[in-house]
Amino acid sequence: MADNATKSMDDIMALCKRRGFIFQASEIYGGINGFWDYGPLGAQLKKNLRDAWWTDVVMLGAGGQMGPDGKPVEIVPLDSCIIQNPKVWEASGHVGGFNDPMVTDKSTPDGRRFRADHLQGIYRYSDPLKRTTDTIDTAGGEPTLKMHSEVAIPNATVIASGPDEAVSLLESDKSLQKIVGIKSIGKTGYSEGYQFGVLVMADFGKGPEKALITTTNLALRFYPDLVPSPFTGKIGGLSEPRAFNLMNHTFTGAVFNEDNKVYLRPETAQGIFINFKNVVDSTRVALPFGIAQTGKAFRNEVTPRNFTFRSREFEQMEIEFFCHPDDSKAWYVFWRDWRMAWWQGIGLEGENLILREHDEGELAHYAKEGAGTSDIEYKFPFTAPGYGELEGIADRTDFDLKQHQEHSKKKMEYHDKTRGELAKNGQPKGEWYLPHVIEPSAGLDRGVLAILCEAYTPDPDRASGVYMKFHPRISPIKAAVFPLVKKDGMPEIAEPLFAELRKRFGHLGTIEYDEKQSIGKRYARMDEAGCPFCFTIDSETLTDQTVTVRDRDTLEQSRLAIDQVGDFLAGKLGV
RNA sequence: GCGGGCGUAGCUCAAUGGUAGAGCGUCAGCCUUCCAAGCUGAAUGUUGACGGUUCGAGUCCGUUCGCCCGCUCCA
């Protein structure tokens, strides 16, 4: 397996366009940032990957293996709408959470930006710099003015998701200490009742002194020009926090007004949660079970980048697996390990794929402390030597069902008839509870991109200079049939073979037929398209009814009876 | 949004302010007996768009659109 760090993303993108895998959306109008169209080969490749997921996840139930409870895994499908009632996104936290206010730092040469709520301030006790201001309290609904609140201005700042992370960053990074202007730092053993901050002993140059590390929300909001930059330490470069709406919206109905504003879903997951009761009531499913769906989702990414990796329109393949809270750990481990094995099984078996358990501190808003979260990550050429996420497996606990229960006022609890005290007749009385959810959430476009990158194999020894080493199950073209030359009765034998293969395997992918130009040129084209097998009718076929099988990866040629070609291909495709 | 780079044929690139070209690819015909062979021919451009300077603009100036890279992000 070639190291992806040596592969050129530009070359891969060029091949994708040249061979019809992926095109820039709206290309004839100059394109549109963050949107990509799939060409003939790409669309088939994407469908094959989606179908493989659907077959293995839904129809076979986690590939047909037993779950941690020793029973077959039950998954039912769903297809929910892209547009839902806007209240769905209020309940899920997306309307709030996806409007992250950002701050631009003009003291950096490139005008760096960061999330306002990720700026941690370091406040010296000996040197309190406070400004009096009026703040607006909107907590009670009607805005009320709170007079003369004091806003503390931090002496230094650092970017971290919380005070604890800020401390560990500062402890370990000497260059960061220099920017911030601290010679040493260490946590103190006591808290003095600060809930949202961490007390430290920090040396600003006059020996260790007491300081507090906490968020800078108010200071940034009212006095951004007094807050030191986390990148340069300079004062005066920070902008006010500004909201960037990461959800796309449109309007339903004939009138375009605020009342008719609706959102394009930023994830498919919520469509599953809001249909949880419907599925339970209409389908004879019992916990533990999962609901799965694939579909488009939309995010107004600030800067789409890296080909299709971060797009504004993308497709997800998500499972929400519901189980009893006591069983969530076991199911989390089960899904995490099986999903990793699945990606390996469709062609990402090399070292470019890793399973990474999240550190504490980078948990998503829905994931609880201590609950499992991990990523299946792929080393893309543009992330190498780092990795980019393909799929996230998260224990979402009962967060989502609870949110929807609160916002919708509809009971989301599940009645588990296998639990509870025993009644007089010896049967359990049943137990009501909110299930916990394990979510394996994969990016289909990212999967396609990873497969493209993995398959891309430069080979200076062959005519095309490169070939696409797709797993036969995923490959958009399954086989090609060639008459060696367009005469001597070879086309007359090749055409029926082509028809036979197409009838038998056409539902899985393309079967090619080509009799034009030299055989070498046809092989070279199939290499770039990633066709795993070529069957060539030659002069020997005329006498002994065997054909040449040309293997894409090994370039080996072997002979096979023409009436065995179908079974040979079936074996290779695993069908 | 800020900063930087770039827009000529499907691709890679030429063209001193003076008739828009080449190679590759694609297609057709001939030929070809296993890895982009050869021969003959064909199609393909409002030089991203709009405006200005000029006798004349792919080239100079302005505006605009789009793409790429960095910051941000996490399917």
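Within every chain, numbering begins at 1; the chains are lettered A, B, ... in the order of the sequence lines, protein sequences first and strands thereafter. From a predicted model like this one, the values you see are computed outputs, not experimental measurements.
Listed pair A:R525 / B:U26 meets the phosphate criterion, a side-chain N or O lying under 4.0 Å from OP1 or OP2. Distances shorter than 4.0 Å separate some side-chain N or O of A:S518 from OP1 or OP2 on B:A37. OP1 or OP2 of B:C11 lies within a sub-4.0 Å distance of a side-chain N or O belonging to A:K17.
Within the 4.0 angstrom heavy-atom criterion, base atoms lie near A:R550. Residue contacts shown for A:R19 include a base, since a base heavy atom lies under 4.0 Å away. Nucleic acid contact class of A:S311 (heavy atoms, under 4.0 Å, all strands): base. Using a 4.0 Å heavy-atom cutoff across all strands shown, A:E528 reaches at least one base atom of the nucleic acid. Within 4.0 Å of A:Q557, counting heavy atoms only, lies at least one base atom of the nucleic acid. At the heavy-atom level, A:R446 lies under 4.0 Å from base atoms of the strands shown. At a threshold of 4.0 angstrom between heavy atoms, the contacts of A:M490 include nucleobase atoms, whether or not backbone atoms are also involved. Residue A:S441 is in sugar-phosphate contact alone, with no base atom involved, counting any heavy-atom pair closer than 4.0 Å across all strands shown. Within 4.0 Å (heavy atoms only), A:E318 reaches no atom of the nucleic acid at all. Across all strands, A:K516 comes closer than 4.0 Å only to sugar-phosphate atoms, never to a base (heavy-atom distances).
Comparing the P positions of B:C11 and B:U47 gives an interatomic distance of 16 Å, to the nearest angstrom. Rounded to a whole angstrom, the distance from the P atom of B:A20 to that of B:G45 is 14 Å. Distance noted for atom C1' between B:G17 and B:C55: 12 Å (whole Å). Using P as the reference atom, B:U19 and B:U59 are 14 Å apart when rounded to the nearest Å. As rounded to the nearest Å, B:A36 and B:G25 have P atoms that lie 11 Å from one another. For the C1' atoms, the distance linking B:G48 with B:A9 amounts to 15 Å, nearest Å. Using atom C1' as the reference point in both B:G29 and B:A22, the two lie 24 Å apart (nearest Å). Look at the P atom in both B:G23 and B:G18: the space between them is 23 Å, to the nearest Å.
Minimum atom distance to the side chain of A:R299 is reached by B:C74, of the listed B:C74, B:C27, B:C34. Out of B:A36, B:C35, B:C74, the shortest distance to the side chain of A:L555 is found at B:C35. Closest to the side chain of A:S464, from the set B:C34, B:A75, B:A36, is B:A36. Listed candidates were B:U32, B:C35, B:A37. Nearest to the side chain of A:A463 is B:C35.
Rounded to whole angstrom, the span from the CG atom of A:L41 across to the P atom of B:G10 amounts to 20 Å. Atom CD in A:Q517 sits roughly 10 Å away from atom C1' in B:A28 (whole-Å rounding). If you take CZ of A:R18 and C1' of B:A36, they are 12 Å apart, rounded to a whole angstrom. A:M9 places its CE atom 15 Å from the C1' atom of B:C69, with the value rounded to the nearest Å. Atom CZ in A:F482 sits about 14 Å away from atom P in B:C35, given to the nearest Å. Between the C1' atom of B:G7 and the CD atom of A:Q24 lies a distance of 13 Å, rounded to the nearest Å. Following rounding to the nearest Å, A:E320 (CD) and B:A75 (C1') show an atom-to-atom distance of 12 Å. Protein atom CE of A:M247 is 17 Å distant from nucleotide atom C1' of B:C74, rounded to whole Å.
Residue side chain A:R310 does not reach the base of B:C74 through any donor-acceptor N/O pair under 3.5 Å, judged by distance alone.
Within the shown strands, B:C65 is the pairing partner of B:G7 under the Watson-Crick or G-U definition, both distances less than 3.5 Å. A 3.5 Å limit on both hydrogen-bonding distances identifies B:G70 as the Watson-Crick or G-U partner of B:C2. Nucleotide B:U53 forms a pair with no other nucleotide shown, judged by Watson-Crick or G-U wobble geometry with both contacts under 3.5 Å. In a base pair of the Watson-Crick type (N1 to N3 plus N6-O4 or O6-N4) or a G-U wobble (N1-O2 and O6-N3), with each distance short of 3.5 Å, B:G38 is matched with B:C30.
The closest donor-acceptor contact from the side chain of A:T510 to the backbone of A:E512 lies at 3.5 Å or more, if one exists at all. Judged purely by atom type and a 3.5 angstrom limit, A:E318 uses its side chain to pair as donor or acceptor with the backbone of A:A269. Listed for the A:S92 side chain is a donor-acceptor partner under 3.5 Å among the backbone atoms of A:W89.
Salt bridge status for A:R550 with A:D527: present, with a side-chain N to carboxylate O gap under 4.0 Å. Using a cut-off of 4.0 Å between Lys/Arg side-chain N and Asp/Glu carboxylate O, A:K572 and A:D551 are scored as not salt-bridged.
Two residues, A:A14 and A:V547, neighbour RNA chain B, and the one matched to the more 5' nucleotide by heavy-atom proximity is A:A14. Nearest-nucleotide positions on RNA chain B for A:K487 and A:D551 put A:K487 closer to the 5' end.
In this structure, A:F321 has its ring center at least 6.0 angstrom away from the ring center of A:F334. For A:F309 and A:F307, the ring centers are positioned 6.0 Å apart or more.
A side-chain hydrogen bond (donor to acceptor under 3.5 Å, both in side chains) with A:D400 is found for exactly one of A:H404, A:R396, A:Q403, namely A:R396.
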